[in-house]
Amino acid sequence: MDTTAIARELNAWYARTARDLPWRAEDATPWAILVSEFMLQQTQVERVLPRWTAWIERWPAPSALAAEEPGEAVRAWDRLGYPRRALWLHRAAVEIAQQHGDRVPADVEQLLALTGIGPYTARAVAAFAFGERHPVVDTNTRRVLARLLHGTAAAGMPSPRDLVDMELLLPDDPAEAAVFNAAAMELGAVVCTARAPRCDACPVAQWCEWRGAGYPDNAPAKRPRQAKFEGSDRQVRGRIMALLRRADAPVSVEDVLAAAAEGGGRDPEQPRRAYDSLIADGLVVEFGDGVRLP
DNA sequence: TAAACGTGGAC
DNA sequence: TGTCCAAGTTT
């Protein structure tokens, strides 16, 4: 396995074809990159683009966001999903403003200490915003590594081995390594896709173990698939959040529970359960005799 | 450690 | 139409 050739070809492909995304621009600030990573967690590029642009324009620095109420972050988050991320991003902005002099830290350990930043995001920010050499492994890269290195149709459960695998291919030069991290993600996102991979467009197809084995249907066991969304507590929580984002004044609990019940679910306790969970998450707060965003 | 956490696009 | 899946993190 010629790891040097793989890195060279993949980076050249990236230089040739990479999507022109604003957080990849030369003048993108570490804060702008950090915001993009929060938004991109479990969320596709196309849906993130308009929210990211508005966000960076409105809050060009962590301190600008930190000066707002958390609910403003939740509102600006709009329908990106998982609104707890908006709360966490606001919290991270406060931490950066107060503890790091309004500068996003470059150190992985310090990034990991920020709210809402885990192993992926910490390394992504260190690599993409500061050019540090780290293996950055997301779901796209895990699939690419699974096929290229292990000859399996899909990745298994996330594991520390993912970082070891990536390190095997990662160029020594930090700048090239940063590009390679982005290129592996890009390949997984646009060519080596989960459903219908476009191997004819793949710059590293000649080294791909899965292809060499004739595309066996050998995907390792994965975590059980997501529960049905229709009728779920998630859906009900989403309804409540949509109502409160729209409201410019506190909403009565009765109205909130009524909106939560609109789907007409079987479980009579579901509206209250969803409401209580939002209170527990801090996404909804009681205010006077009503409720609103925090 | 596994479950919980939104929303929308693709097929 | 229903299922899969998407730049993960937290408790």
Side-chain angles (χ1 to χ4, degrees), chain A residues 18-19 21-24 28 32-52 74 77-89 91-92 111-129 134-144 153-155 157-160 162-163 166 178 181-190 192-198 219 221-245 260 263 273-274 276-278 280-284:
Chain A
R19 291 169 293 176
L21 303 175
W23 46 84
R24 289 173 174 171
I33 290 170
L34 184 152
V35 170
S36 80
E37 295 298 345
F38 264 85
M39 290 184 169
L40 287 163
Q41 290 168 7
Q42 300 281 281
T43 307
Q44 299 89 337
V45 165
E46 296 71 27
R47 294 174 53 208
V48 164
L49 277 169
R51 294 297 103 227
W52 180 87
V74 174
W77 198 258
D78 198 32
R79 290 180 304 188
L80 282 180
Y82 293 144
R84 294 188 296 184
R85 290 182 295 163
L87 227 41
W88 293 339
L89 179 51
R91 210 165 295 161
L111 285 162
L112 279 171
L114 297 173
T115 302
I117 293 191
Y120 163 76
T121 303
R123 292 188 179 81
V125 170
F128 301 145
H134 298 284
V136 179
V137 178
D138 76 331
T139 186
N140 288 306
T141 297
R142 290 189 344 98
R143 183 174 52 253
V144 169
M157 303 284 286
S159 102
D162 300 335
L163 294 182
M166 191 60 174
N181 281 315
M185 293 167 63
E186 181 84 351
L187 187 74
V190 306
C192 194
T193 54
R195 209 92 48 94
R198 301 174 44 231
K222 294 180 57 180
R223 55 217 295 174
R225 75 174 196 285
Q226 202 173 73
K228 192 163 142 180
F229 180 68
E230 189 67 29
S232 66
D233 285 12
R234 282 186 188 181
Q235 185 183 41
V236 175
R237 283 167 55 104
R239 281 210 195 89
I240 294 174
M241 292 307 295
L243 171 65
L244 294 181
R245 280 197 308 267
R273 187 170 62 241
D276 286 346
S277 73
L278 288 172
D281 285 349
L283 282 165
V284 172

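Naming: A, B, ... by sequence-line order, numbering from 1 per chain.
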Under-4.0 Å side-chain N/O to phosphate OP1/OP2 contact, Arg237(A) with dG6(B)
yes
How close or far is atom P of dC5(C) from atom CD of Gln42(A), stated in whole angstroms?
12 Å
Looking only at side-chain atoms of Leu40(A), point me to the closest of dC5(C), dA7(C), dT7(B).
dA7(C)
What is the distance from CZ of Phe229(A) to P of dC5(C), rounded to the nearest Å?
18 Å
Can you see if the side chain of Gln44(A) gets near the phosphate of dG9(B) - specifically, an N or O under 4.0 Å from OP1 or OP2?
no
Using the P atoms only, state how far dA7(C) lies from dA4(B), rounded to an integer number of Å.
23 Å
Whole angstrom value for the distance that separates P of dT3(C) from NZ of Lys228(A):
7 Å
When you compare the side chains of Tyr120(A) and Gln41(A), does any donor N or O come within less than 3.5 Å of an acceptor on the partner?
no
Separation of dA6(C) P from Asn140(A) CG (nearest whole Å):
7 Å
Using the P atoms only, state how far dG9(B) lies from dT9(C), rounded to an integer number of Å.
24 Å
Would you name the heavy atoms of Arg143(A) and Ala155(A) that are closest together and state the gap between them?
N-CB, 4.2 Å
Side chain of Arg19(A) - closest among dT7(B), dC4(C), dA7(C)
dA7(C)
Between dA7(C), dC5(C), dG6(B), which nucleotide has the shortest distance from any of its atoms to the side chain of Tyr82(A)?
dG6(B)
Minimum-distance pair of heavy atoms, taken over all atoms of Lys222(A) and Met157(A)
C-SD, 4.1 Å
Determine: side-chain N/O of Arg84(A) to OP1/OP2 of dG8(C), distance under 4.0 Å, yes or no.
no
With Pro83(A), the side-chain contact (heavy atoms from CB on, under 4.5 Å) member among Leu244(A), Asp281(A), Asp78(A), Leu283(A)
Leu283(A)
With a non-hydrogen cut-off below 4.0 angstrom, is Pro158(A) in contact with a base, only sugar-phosphate, or nothing?
nothing
Is Thr43(A) touching bases, backbone alone, or none of the nucleic acid, heavy atoms closer than 4.0 Å?
base
Among dC5(C), dT9(C), dA7(C), the one nearest Thr121(A) by side-chain distance:
dT9(C)
So Gly118(A), base contact, sugar-phosphate only, or nothing? Heavy-atom distance under 4.0 Å.
sugar-phosphate
Taking the minimum atom-to-atom distance to the side chain of Arg195(A), which one of dC5(C), dT9(C), dA6(C) wins?
dC5(C)
What is the minimum heavy-atom distance between Ala178(A) and Phe128(A), and which atoms define it?
O-CE2, 3.4 Å
Which is more 5' along DNA chain B, the nucleotide nearest Leu278(A) or the one nearest Met157(A)? Just name the residue.
Met157(A)
Nearest-angstrom distance from the residue atom CG of Leu49(A) to P of dG8(B):
16 Å
Is there side-chain contact between Ile117(A) and Phe38(A), with heavy atoms separated by less than 4.5 Å?
yes
Got a donor-acceptor pair under 3.5 Å from the side chain of Arg85(A) to the base of dT9(C)?
no
With a non-hydrogen cut-off below 4.0 angstrom, is Trp23(A) in contact with a base, only sugar-phosphate, or nothing?
base
What is the nucleic acid contact for Arg123(A), judged by heavy atoms within less than 4.0 Å: base, sugar-phosphate only, or nothing?
nothing
How close or far is atom C1' of dA7(C) from atom CG of Leu21(A), stated in whole angstroms?
11 Å
Find the distance Met185(A):CE to dC5(C):P and express it as a whole number of Å.
19 Å
When the distance from CG of Leu163(A) to C1' of dG8(C) is rounded to whole Å, what number comes out?
14 Å
Tell me which of Arg79(A) and Ala196(A) sits closer to the 5' end of DNA chain B, going by the nucleotide each one is nearest to.
Arg79(A)
